[in-house]
Amino acid sequence: MSASASSPSSTPTLTNPPTLPLRNGMQHPVIGFGTYKVGFIPASASAAVAGTQDHVERTAQECVQDALQVGYRFLECAEFYGNEEQVGKAIAASGIPRNELFLCSKVWTTTIEQGPEAISAQLDKTLSDLGTDYIDLYLIHWPVPGKHVEAYKTLETLQEQGKIKGIGVSNYAWEDYLELKEAGVSQLPCVNQIEINPFLYRKNTIQKFQDDGVVLQSYRSLRDGKAFDHPTLKEIASAKNKTPAQILGRWCVQKGFVYVPKSVKKERMEENARVFDFELSTDDMDRLDSLTTPEAIETFVGLYRKCVNRDTSKDGTLEGVKMNIMED
């Protein structure tokens, strides 16, 4: 991790944030704006399936334009999010030069299952929608059983064509990563995007990836706002004169993860970004590290098993699913 990412004495701005080095020589901003459920709720999103109250408040273009005005330059996108065209319109309207942006996208399970030609076509659509001729990072969204290794090798080919700068994965268990290694891919993933927050802090898995040179992107860094009333979080936030969201964000940055908050409200975007002007003590960090429960790990395992086949022809089954993965 760059020194500035953990030092409160420096005051980096969103337009020039601290960075983390990737194994391919690229520098990855430590903070970005997540676009999941921004302006669009995917049909198989968990909340949509459960029939809960998720709803679209503003368009993705409006939200991303606000994020860019606030200063975010790393945008976290995906085929599954269904809003890349709107994101592209926001980028175009901003007038920000392409070389000042860091764009990440992910290829979805249905496309992965369909094979190399579908993946190549989807990347071209993503590039067109975002209004660019290359993507900084392109990820496998889920390790689709029997398909993700071929998909990853397809991304290597697309990288050779100059369409992708860096390749990564998302939602990979350690065993999925080992499957890639054993398949003899020519380059290992630069990043793995997984849920990381104090309430799902899988220390052993994280350590394994970091020791092997994989940078961790954290999604649900703020746990969708569902933990802001937790007593430990509130107590630390009060002592620091910060908000619970800022404590969660600072924990993420201080741990050396890429922090990807998301909000549709501009004032929240600004709040979420103010994590570089203070530091959590060792005691604060230890208290936050201890918030993960066995039940949270159990929920994670169930979600992994459910989602690796999600939206594919095997959806609803455990066909090919790894039943014994490193959980914690």
Please report the shortest heavy-atom distance between [X] and [Y], naming the atom on each side.
{"X": "T243", "Y": "A237", "answer": "C-CB, 3.8 Å"}
{"X": "Q193", "Y": "S170", "answer": "O-OG, 3.0 Å"}
{"X": "I31", "Y": "A273", "answer": "CD1-CA, 3.8 Å"}

Can a side-chain donor-acceptor contact be found between [Y] and [X] if the only test is distance below 3.5 angstrom?
{"X": "D328", "Y": "N204", "value": "yes"}
{"X": "T109", "Y": "R310", "value": "no"}
{"X": "Q65", "Y": "Q69", "value": "no"}
{"X": "Q161", "Y": "Y134", "value": "no"}
{"X": "K163", "Y": "Y138", "value": "no"}
{"X": "T126", "Y": "Q122", "value": "yes"}
{"X": "T154", "Y": "T157", "value": "no"}
{"X": "E156", "Y": "S186", "value": "yes"}
{"X": "S218", "Y": "E195", "value": "no"}
{"X": "Q217", "Y": "H28", "value": "yes"}
{"X": "K262", "Y": "Y219", "value": "no"}

Heavy-atom side-chain proximity of [X] to [Y] below 4.5 angstrom:
{"X": "L200", "Y": "R223", "value": "no"}
{"X": "L248", "Y": "F199", "value": "yes"}
{"X": "I96", "Y": "L68", "value": "yes"}
{"X": "L233", "Y": "L288", "value": "yes"}

Those residues that, when tested against E113, pass side-chain contact (heavy atoms from CB on, under 4.5 Å) (two or more places apart):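 Counting only residues at least two positions away or on another chain, E113 forms a side-chain contact (heavy atoms from CB on, under 4.5 Å) with K147, T312, S313, K314.
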Please walk me through it: do D129 and K125 pass side chain to side chain contact (heavy atoms under 4.5 Å, CB included)? CA-CA 6 Å; D129 285 349; K125 183 178 188 306; 2.7 Å; yes
Quick check, are the ring centers of Y177 and F209 under 6.0 angstrom apart?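 Judged by ring-centre distance (under 6.0 Å), Y177 and F209 do meet the cut-off.
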Check whether any side-chain N or O of [X] sits under 3.5 Å from a backbone N or O of [Y] as a donor-acceptor pair, and report yes or no.
{"X": "S238", "Y": "K234", "result": "no"}
{"X": "R250", "Y": "F278", "result": "yes"}
{"X": "S120", "Y": "P116", "result": "no"}
{"X": "R58", "Y": "G39", "result": "no"}
{"X": "Q254", "Y": "L280", "result": "yes"}
{"X": "N83", "Y": "Q86", "result": "no"}
{"X": "Q246", "Y": "E271", "result": "yes"}
{"X": "S221", "Y": "Y259", "result": "no"}
{"X": "Y72", "Y": "M269", "result": "yes"}
{"X": "D124", "Y": "A121", "result": "no"}

According to the interplanar angle, ranging from 0 to 90°, do the rings of Y304 and W142 count as parallel (below 30°), tilted (30 to 60°) or perpendicular (above 60°)?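 Plane angle between 30° and 60°, so tilted.
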F80 and W108 aromatic ring geometry - parallel, tilted or perpendicular at 30°/60° bounds: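 Correct class here is parallel.
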side-chain contact (heavy atoms from CB on, under 4.5 Å), paired with C104, selected from T35, V191, I135, L139: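 The option that passes is L139.
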Atom pair [atom1]/[atom2] of [X] and [Y] - distance to nearest 0.5 Å:
{"X": "M26", "Y": "D136", "atom1": "CE", "atom2": "CG", "answer": "5.0 Å"}
{"X": "S263", "Y": "D224", "atom1": "OG", "atom2": "CG", "answer": "11.5 Å"}
{"X": "N171", "Y": "H148", "atom1": "CG", "atom2": "NE2", "answer": "12.5 Å"}
{"X": "I206", "Y": "I194", "atom1": "CD1", "atom2": "CD1", "answer": "5.0 Å"}
{"X": "L75", "Y": "F33", "atom1": "CG", "atom2": "CZ", "answer": "8.0 Å"}
{"X": "D212", "Y": "Q207", "atom1": "CG", "atom2": "CD", "answer": "11.5 Å"}

Let me see the working for N197 and L291 under side chain to side chain contact (heavy atoms under 4.5 Å, CB included), right down to the final yes or no. CA-CA 9 Å; N197 53 63; L291 295 178; over 6 Å; no
Would you say [X] has more than 12 foreign heavy atoms packed within less than 6.0 Å of its [atom1]?
{"X": "R268", "atom1": "CZ", "value": "no"}
{"X": "E100", "atom1": "CD", "value": "yes"}
{"X": "Q187", "atom1": "CD", "value": "yes"}
{"X": "N324", "atom1": "CG", "value": "no"}
{"X": "N241", "atom1": "CG", "value": "no"}
{"X": "E267", "atom1": "CD", "value": "yes"}

With sequence neighbours left out, write down each residue that passes side-chain hydrogen bond (donor to acceptor under 3.5 Å, both in side chains) with K208, or none if nothing qualifies.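 Listed in chain order: nothing, the list is empty.
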Please enumerate all residues that pass salt bridge (Lys or Arg N to Asp or Glu O under 4.0 Å) together with K165, with sequence neighbours excluded.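 Not a single residue meets the salt bridge (Lys or Arg N to Asp or Glu O under 4.0 Å) criterion with K165.
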Candidate pair D289 and W251, rule side chain to side chain contact (heavy atoms under 4.5 Å, CB included), full reasoning: CA-CA 9 Å; D289 289 357; W251 177 89; 2.9 Å; yes
Determine, stepwise, if the pair R98 / L103 fulfils side chain to side chain contact (heavy atoms under 4.5 Å, CB included). CA-CA 9 Å; R98 175 64 181 89; L103 303 180; 3.7 Å; yes
